[in-house]
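Numbering of ligands and ligand atoms starts at 1, following listing order.
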Amino acid sequence: MSEQSKDHNARARELVSQMTLEEKALLLSGNGAWRTHAIERLGLPSIFMADGPHGLRKSLGASVAESVPATCFPTGSALASSWDTELVRQVGAALAKECQANDVQLVLGPGINMKRSPLGGRNFEYFSEDPVLTGHLAAAYIQGVQGEGVGTSLKHFAVNNQEFERMMSDSILDERTLREIYLPAFEIAVTQAQPWSVMCSYNKVNGVYASENPFLLEDILRKEWGFEGFVVSDWGAVHDRVKGVLSGLNLEMPGSGDVNRKKIIEAAQAGQLPISRLDEVVTSLVAVVLKASEHRRSGARADLNQHHALARRVAGESVILLKNEDHLLPLNVSAKKKIAVIGAFAKEPRYQGAGSSQVNPTRISNAYDELAAILGGSERLSYASGYDVEGETTAQLLDEARQQARDADVAIVFAGLPDSHESEGFDRSSLEMPEGHNRLIDVVTQAQPNTVVVLMNGSAVTLPWVNRVKAILESYLTGQAGGGAIADILTGRINPSAKLAETFPQRLQDTPTATEFPGLNQKAHYGEGVFIGYRYYDKKDLEPLFPFGFGLSYTTFAYSDLTLGAASIKDTGSLTVQLKVKNTGKLAGKEVVQLYVREEKPAVSRPEKELKAFAKVSLEPGEEKTVSFTLKPRDFASFDAALRRWSVNPGRFEILAGSSSRDLPLRKQVQVEATQVTFPKLTRESMVKEFKNHPKGEAFYSRLAKVIMGEPSPDAGQVKRTPQEERARKKADLSTLVFVNDMPVYKLVNFSEGKFTEQMLNDILAQVQ
Ligand code: BGC
């Protein structure tokens, strides 16, 4: 804990010691929708919280649409496509400055839940399907915001991956999946950036609401990861308030008047809620309130012009070039070509999602006007809207579009998902774009061979026309300055450098949760285990439409010289990895270098490879840079479900590096030696084969096996058998051995009809402890 936090904690403890029971209970529930309570008698102010994550939403009224004007940055899926932690840090800092200017002390973000299915209704707000990418981006975001003296609330903790029945649904998963997929992003963010607050989610995790889950809130968050801030409930996630306090939920939001306050007081008076526990829970909240108040900058102003420029830069780093046949892009603006701009999104962009993250932007740029500005006027541009707000089209709209496309040298179609297709509160029911958008693209490609599609959508979609268009830009939801960024990329003022932070599948049936998503009847069974995103497509050897980590540039890069710091390491040590990446084209550009690790012979079913590190590198034409990474023991480990801890299986691992999860030209192996192998305890329930593989048990294995297999008869060697009889005997022995191996040792007593006694078993068990 930092000196500053220690001081806040000490002061908080001192204040709490002076509080009455009523005051403590008062503090644990909000004052209305956005504030904590103040205790004027003790000089404790209240703090104001507001949504994020991609822009400030300081609510002015009941409707989500009414909030203070604020810069709308690209939403989570776009921001993550930048793979740029430094840029995300800058977004965080700008957001915090707007919070300071609006007297907001804590921003409710970032949202970092894993994209378990591309249908997840809030995927547009979240970063990725990969925990390492998500965790590092989240840490950078938090550091950016908190560096400006404003708190964050890392959300939604945990395993909150569907919107359907979101307040009641139970996420049912095994601990290994929880630890390897759904927790690491939170873990990285908490341990590296220490958010002032964590927001627990609505759902249950294995039958227990996240808002009253001591395993998540106490054991993991505080004890394992050392979280020092307060836990706030998602808005309305509280069920049993007293259980929540006992489990480590500090603040209930929004406030519940005196309903839960009374329950806390009664439980404390009845001795069901120890005062020491109550004090602890109030203290961590008060410590953050003190810290936040101390960092308040009254009269602060934010430079909204500068933030708009930043939003444009960020969008430029987030738009992914998915396809570019015949180098159609960038458009040669000096060639006086006629450009048909088609699709209503060109003038009225879809640039953010709906729900609690909906920002009231300070201004909105659109690609049509921005293109016109770059071209010095709209003379060379034509326009057809192609579809209506809901994405529906008509014969007349299609005719207009066809005409414009035919009369131009190149057509740019803006398409994607309308607002009504994705939002907080519900999941998508299909991966398809509206039929009107797909039909429009068909019509345009028939009329114009040089067609570019610019996509505006918050999450993965299928692209049935992918082979009929020459170029595709996935811009996601670009925020308020996206129009400018798209125009910059179309015309080559920016060289695209973004990469997909999620897999684009060919079809819904190929996705990891194809059999059931969302989970129905308030139960979501995470049967696919650790295999979500690229981990699933790799394991099934399925060809995605576009793989995780993929994105093109207007230049080219070459990878070489992968070197490992050692050929063999101990499972407690680290491994340095170096490689070279060179810009082999004619334009300056940026490449996202990705590093994956694969265990060659895992003891459990593991993904083919997992992302462990990445770096965005800027390169002039011809320039080459050396990129270095350090892999730590955890990068080789899997979560041992029996021992309930991370452990590295000794053996060979492969280090893979390259430009996407499916393009990893550099590979080298490293041997990892175990310094300490812990074997599970042998018990009555252990199977016979477990004795064989256990250092203390192996001496007893043959004795146990013989209980069923029997001793070979003394004249076994002399018995003459035909080859056929010999084969039959071997076959029988083999099936008996298989039978024995999988048998728990206690059964040997029954099977031997008591010849192998309980006493013999207990003697063996005593010797193997
Ligand atoms: C959302 C949170 C949000 C909160 C406050 C909830 O419905 O799930 O993400 O921060 O509302 O608006």
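By the 4.0 Å N-to-carboxylate-O rule, E422 lies close enough to R350 to be salt-bridged with it. Between E218 and R277 there is a salt bridge, since at least one side-chain N of the basic residue sits less than 4.0 Å from a carboxylate O of the acidic one. A salt bridge does not link D234 to K155: none of the charged side-chain nitrogens sits closer than 4.0 Å to a carboxylate oxygen. Salt-bridge check for R535 with D130: passed, with a basic side-chain N closer than 4.0 Å to an acidic carboxylate O. A salt bridge is defined here as a Lys NZ or Arg NE, NH1 or NH2 lying under 4.0 Å from an Asp or Glu carboxylate O, and R57 with D51 meets this definition.
Ring centroid separation for the pair Y182 and Y526 comes in under the 6.0 Å cut-off. With ring centers used as reference points, H54 lies 6.0 Å or more from F73.
Of the protein's heavy atoms, Y202 OH, 2.9 Å lies nearest to atom 7 (O) of ligand 1. Among protein heavy atoms, the minimum distance from atom 5 (C) of ligand 1 is reached at D51 OD2, 3.3 Å.
Numbered from 1 in the order shown, with element, the atoms of ligand 1 that lie under 4.0 Å from a heavy atom of H156 read 2 (C), 8 (O), 9 (O). If you number the atoms of ligand 1 from 1 as listed, the ones under 4.0 Å from a heavy atom of L108 come out as 10 (O). Heavy-atom proximity to K155, at under 4.0 Å, picks out these atoms of ligand 1: 2 (C), 3 (C), 9 (O), 10 (O). For ligand 1, the atoms lying closer than 4.0 Å to a non-hydrogen atom of S356 are 1 (C), 2 (C), 3 (C), 9 (O), 12 (O). Using a 4.0 Å cut-off to heavy atoms of W34, the atoms of ligand 1 that qualify are 5 (C), 12 (O). Every atom of ligand 1 with a heavy atom of M199 under 4.0 Å away is listed here by number and element: 10 (O).
Residue-level proximity to ligand 1 for R166 is carried by the side chain, the only part with a heavy atom below 4.0 angstrom. Contacts between R122 and ligand 1, counted as non-hydrogen atom pairs separated by less than 4.0 Å, involve the side chain only. Residue-level proximity to ligand 1 for R57 is carried by the side chain, the only part with a heavy atom below 4.0 angstrom.
For residues 136-151, every residue pair satisfying the side-chain hydrogen bond (donor to acceptor under 3.5 Å, both in side chains) rule, not counting sequence neighbours, is listed here: R89-Q143, Q146-T152, E148-R297.
Considering both main-chain and side-chain atoms, D234 comes within under 3.5 Å of ligand 1 through a nitrogen or oxygen pair. Between E424 and ligand 1, at least one pair of N/O atoms sits closer than 3.5 Å.
The aromatic rings of W83 and F548 are tilted relative to each other, their planes meeting at an angle between 30° and 60°.
For M253, the closest heavy-atom approach to ligand 1 does not fall below 4.0 Å.
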